[in-house]
Number of protein chains: 2
Amino acid sequence: MTDPSAPPLTRIQQKNRDLILQGALDAFSANGLRGATIDQIARAAGLSKPNVLYYFDSKDDIHKTLLTTLLDMWLAPMQRINPQGDPLTEVLRYVQAKLRMSRDYPRESRLFAYEILQGAPHLTAILGGGLRDIVDRTVEVLERWMSEGRLARVEPRHLIFSIWSMTQHYADFEIQVRAVLGPGHDPFAEAGAFLEDLYRKLLTP
Amino acid sequence: MTDPSAPPLTRIQQKNRDLILQGALDAFSANGLRGATIDQIARAAGLSKPNVLYYFDSKDDIHKTLLTTLLDMWLAPMQRINPQGDPLTEVLRYVQAKLRMSRDYPRESRLFAYEILQGAPHLTAILGGGLRDIVDRTVEVLERWMSEGRLARVEPRHLIFSIWSMTQHYADFEIQVRAVLGPGHDPFAEAGAFLEDLYRKLLTP
DNA sequence: CGGATTATTGACCAAACGGTCAGGATCAGG
DNA sequence: CCTGATCCTGACCGTTTGGTCAATAATCCG
């Protein structure tokens with residue numbers, strides 16, 4: 001992804017590009033691509049607007065960089081599923097890892113939610129390419145486990161969708177979740193127990 | 001919701017307000033509140049921009065009206081759960097009804113998704129009020145069924161979240177779903193079978 | 001028909017926004 | 001300490017956008 005022929009970043013470049021991406025994460029995850037302004041990003045980063053545009057060509061450039069930078073981290077838990085491990089344990093661990101990501105990185109979750117909602121103008125290539133490959137590899141593992149009778153038979157791809165949707169729901173729709181639950185609840189802890197139960201019942205052969 | 005002291009709408013008012021709300025649904029569900037422009041709405045409605053603002057005070061007014069108008073329809077399936085019916089049948093019917101709504105009304109689903117993502121600036125009152133009441137009533141029914149041993153014990157509110165998230169996922173993230181599945185799939189039909197299986201296994205006592 | 005109400009629009013405005021640029025400040029290396 | 005490269009900013013520009021308004025057209029109703 002990073003151009004190897006490009007000159008290495010100076011200390012200041014490193015720091016400021018990082019500040020900008022952090023500010024942009026705040027802005028984009030709160031307001032979406034069109035809703036966030038460069039001024040907002042600059043303020044969040046503690047820089048001036050022209051200075052932000054000194055480090056990035058445009059708002060779109062920041063957005064694209066942010067998405068591609070975070071995508072690997074976002075997809076990592078699925079790649080940590082161990083094909084040699086115990087099927088149920090591996091899936092349950094993936095579910096809990098994904099839920100923890102929603103709890104600890106809600107901004108990232110919302111960033112991707114906005115992007116997909118919008119029709120993924122910056123991610124279409126990846127959706128049909130890299131992402132699909134990663135999913136296909138996981139699906140193969142799941143199907144093997146199912147045909148070995150070590151996991152109940154369900155449509156693997158929709159199993160994955162269910163994990164994505166339920167875990168990310170607690171980040172993307174956190175306001176709704178909290179409004180419905182009322183005070184005195186720990187949404188993520190409760191969700192952890194609920195999902196553990198759900199997937200155990202669904203996937204135990 | 002509708003002010004009864006207000007004069008009744010003329011035929012033309014009726015028709016044009018409707019056209020505008022239809023156009024606004026297109027625009028808002030595709031681009032979000034800030035992403036959609038009044039011009040866009042006007043074009044989609046086949047009216048001029050000033051004419052749109054003759055019928056509504058502002059873009060926010062259109063958005064607010066649209067949300068409150070559609071909320072009842074969006075929440076209706078949950079209120080159709082029959083406390084006297086067979087527990088599993090009632091829940092499964094609700095799940096399928098919600099999935100059909102995602103298939104048939106994806107724009108509405110995305111409209112609400114954007115609004116909640118954004119922090120629900122126009123719906124906060126309803127989230128903690130009317131919505132919570134409706135959920136509470138359903139939760140009571142579910143809890144009764146569970147204590148009667150006619151439904152497996154799970155946290156009822158998180159059960160509801162799971163239904164919302166999984167069914168709406170197929171509308172809100174349709175692009176991702178289609179990209180991952182590839183061609184030759186009917187996402188909603190497959191999802192229907194998957195969810196039927198999932199909730200049967202989860203909720204059978 | 002005729003007058004009053006309602007509907008519609010082109011022209012316009014101010015603010016917000018994405019982005020540019022010339023010039024000055026700062027910093028790294030010799 | 002000098003010099004060139006990097007870094008930073010105030011002022012500015014063109015466009016888009018939400019919204020207004022005066023004037024015109026269509027409709028309604030007695």
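Per chain, numbering begins at 1; letters A, B, ... match sequence-line order.
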**OP:** Decide yes or no on side chain to side chain contact (heavy atoms under 4.5 Å, CB included) for Tyr54(A) and Leu47(A), but give the supporting numbers first.
**Re:** CA-CA 11 Å; Tyr54(A) 173 75; Leu47(A) 301 173; over 6 Å; no
Nearest 0.5 Å, please: how far is [atom2] in [Y] from [atom1] in [X]?
X	Y	atom1	atom2	result
His169(B)	Leu99(B)	NE2	CG	12.0 Å
Ile62(A)	Leu25(A)	CD1	CG	12.0 Å
Ile160(A)	Ser165(A)	CD1	OG	12.0 Å

Interatomic distance where [atom1] belongs to [X] and [atom2] belongs to [N] [whole Å]:
X	N	atom1	atom2	result
Gln14(A)	dC7(D)	CD	C1'	16 Å
Ile41(B)	dG18(D)	CD1	P	8 Å
Arg43(B)	dT16(D)	CZ	C1'	12 Å
Tyr55(B)	dT9(C)	OH	C1'	12 Å
Asp61(B)	dT20(D)	CG	P	12 Å
Leu33(B)	dT17(D)	CG	P	14 Å
Leu47(B)	dG19(D)	CG	P	17 Å
Asp57(A)	dC21(C)	CG	P	13 Å

Original post:
Going by atom types alone, do Ser162(B) and Tyr199(B) pair a side-chain donor with an acceptor below 3.5 Å?
Top reply: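 The criterion, which ignores hydrogens and geometry beyond distance, is satisfied for Tyr199(B) and Ser162(B).
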Subject >> Side-chain heavy atoms of Asp172(B) within contact of Asp172(A), under 4.5 Å >> reply: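 Asp172(B) does not reach Asp172(A) side chain to side chain.
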**OP:** Would you indicate whether the side-chain heavy atoms of Leu198(B) and Val154(A) approach each other to under 4.5 Å?
**Re:**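 No, side chains not in contact.
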Original post:
To the nearest 10 degrees, what angle separates the axes at the start and end of the helix from dC1(C)-dG30(D) to dG30(C)-dC1(D), five pairs each?
Top reply: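 The value is 20°.
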Enumerate the protein-to-nucleotides 24-30 of chain C contacts in which both atoms are nitrogen or oxygen and the separation is below 3.5 Å.
{"from": "dA28(C)", "atom 1": "OP1", "to": "Arg11(A)", "atom 2": "NH2", "distance (Å)": "2.4"}

Listing, residues 136-146 of chain B side-chain donor-acceptor contacts under 3.5 Å, not counting sequence neighbours, or none:
{"from": "Asp136(B)", "atom 1": "OD1", "to": "Arg157(B)", "atom 2": "NH1", "distance (Å)": "2.6"}
{"from": "Thr138(B)", "atom 1": "OG1", "to": "Ile134(B)", "atom 2": "O", "distance (Å)": "3.1"}
{"from": "Arg144(B)", "atom 1": "NE", "to": "Glu148(B)", "atom 2": "OE2", "distance (Å)": "3.2"}
{"from": "Arg144(B)", "atom 1": "NH2", "to": "Pro83(B)", "atom 2": "O", "distance (Å)": "3.1"}

Does a side-chain N or O of [X] approach OP1 or OP2 of [N] to a distance below 4.0 Å, or not?
X	N	result
Asn51(B)	dT9(C)	yes
Tyr54(B)	dT8(C)	no
Gln13(B)	dT6(C)	no

Subject >> Pairs flagged by salt bridge (charged side-chain N to carboxylate O under 4.0 Å, His left out) wherever residues 105-119 of chain B is involved - sequence neighbours left out >> reply: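 Residue pairs passing salt bridge (charged side-chain N to carboxylate O under 4.0 Å, His left out), neighbours aside: Asp26(B)-Arg107(B), Arg110(B)-Glu174(B).
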Original post:
When you measure from the side chain of Ser109(B) to the backbone N and O of Ser102(B), does any donor-acceptor pair fall under 3.5 Å?
Top reply: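 Looks like no, no N/O pair under 3.5 Å.
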Original post:
Checking Glu90(A) side chain against Ile81(A) main chain: does a donor-acceptor pair fall under 3.5 Å?
Top reply: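 Checked: no pair found.
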Output one line per pair: protein atom, nucleotide atom from nucleotides 12-17 of chain C, and distance, for all N/O pairs under 3.5 Å.
none

Can you give me every donor-acceptor pair (side chain of residues 14-24 of chain A, partner residue at least two apart or in another chain, under 3.5 Å) with its distance?
{"from": "Asn16(A)", "atom 1": "ND2", "to": "Tyr55(A)", "atom 2": "OH", "distance (Å)": "3.1"}
{"from": "Arg17(A)", "atom 1": "NH1", "to": "Tyr55(A)", "atom 2": "O", "distance (Å)": "3.3"}

Original post:
Partners of Glu190(A) by side chain to side chain contact (heavy atoms under 4.5 Å, CB included), sequence neighbours excluded?
Top reply: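 Only Leu181(A), His185(A), His158(B) meet the side chain to side chain contact (heavy atoms under 4.5 Å, CB included) criterion with Glu190(A).
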**OP:** Could you tell me which residues satisfy side chain to side chain contact (heavy atoms under 4.5 Å, CB included) with Lys59(A), sequence neighbours excluded, listed by chain and number?
**Re:**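 Testing Lys59(A) for side chain to side chain contact (heavy atoms under 4.5 Å, CB included), a comparison that skips the adjacent residues, returns Phe28(A), Leu33(A), Ile38(A).
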Subject >> Contact list for DNA chain D against residues 116-124 of chain A - heavy-atom distance below 4.0 Å >> reply: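 Within residues 116-124 of chain A, no residue comes under 4.0 Å of DNA chain D.
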Original post:
Of Ser48(B) and Leu53(A), whose closest DNA chain C nucleotide lies nearer the 5' terminus?
Top reply: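 Per heavy-atom nearest nucleotide, the more 5' residue is Ser48(B).
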**OP:** Give the intermediate values and the outcome of side chain to side chain contact (heavy atoms under 4.5 Å, CB included) for residues Met78(A) and Tyr94(A).
**Re:** CA-CA 7 Å; Met78(A) 187 151 72; Tyr94(A) 173 54; 3.8 Å; yes
**OP:** Report which part of the nucleic acid Phe56(A) touches: base, sugar-phosphate, or nothing (heavy-atom distance under 4.0 Å, all strands).
**Re:**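 Phe56(A): no heavy atom of the nucleic acid under 4.0 Å.
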Original post:
Where the side chain of Asn16(B) is defined as all heavy atoms beyond and including C-beta, which of dC7(D), dT8(C), dT20(D) is the nearest nucleotide?
Top reply: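 Closest nucleotide among those given: dT8(C).
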Original post:
Taking the side chain of Pro50(A) as its heavy atoms from C-beta onward, which of dC8(D), dA11(D), dT6(D) lies nearest to it?
Top reply: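 So the nucleotide nearest the side chain must be dA11(D).
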Subject >> Interface residues of residues 22-30 of chain B with DNA chain C (non-hydrogen, below 4.0 angstrom) >> reply: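 Here the set is empty: none.
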Can you give the donor-acceptor pairs under 3.5 Å from side chains of residues 118-133 of chain A to other protein atoms, not counting sequence neighbours?
{"from": "His122(A)", "atom 1": "ND1", "to": "His63(A)", "atom 2": "ND1", "distance (Å)": "3.0"}
{"from": "His122(A)", "atom 1": "NE2", "to": "Asp60(A)", "atom 2": "OD2", "distance (Å)": "3.3"}

Original post:
Residues two or more places apart in sequence or in another chain: which of them pass side-chain hydrogen bond (donor to acceptor under 3.5 Å, both in side chains) with Arg200(A)?
Top reply: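 In terms of side-chain hydrogen bond (donor to acceptor under 3.5 Å, both in side chains), with neighbours along the sequence ignored, Arg200(A) is linked to Glu196(A).
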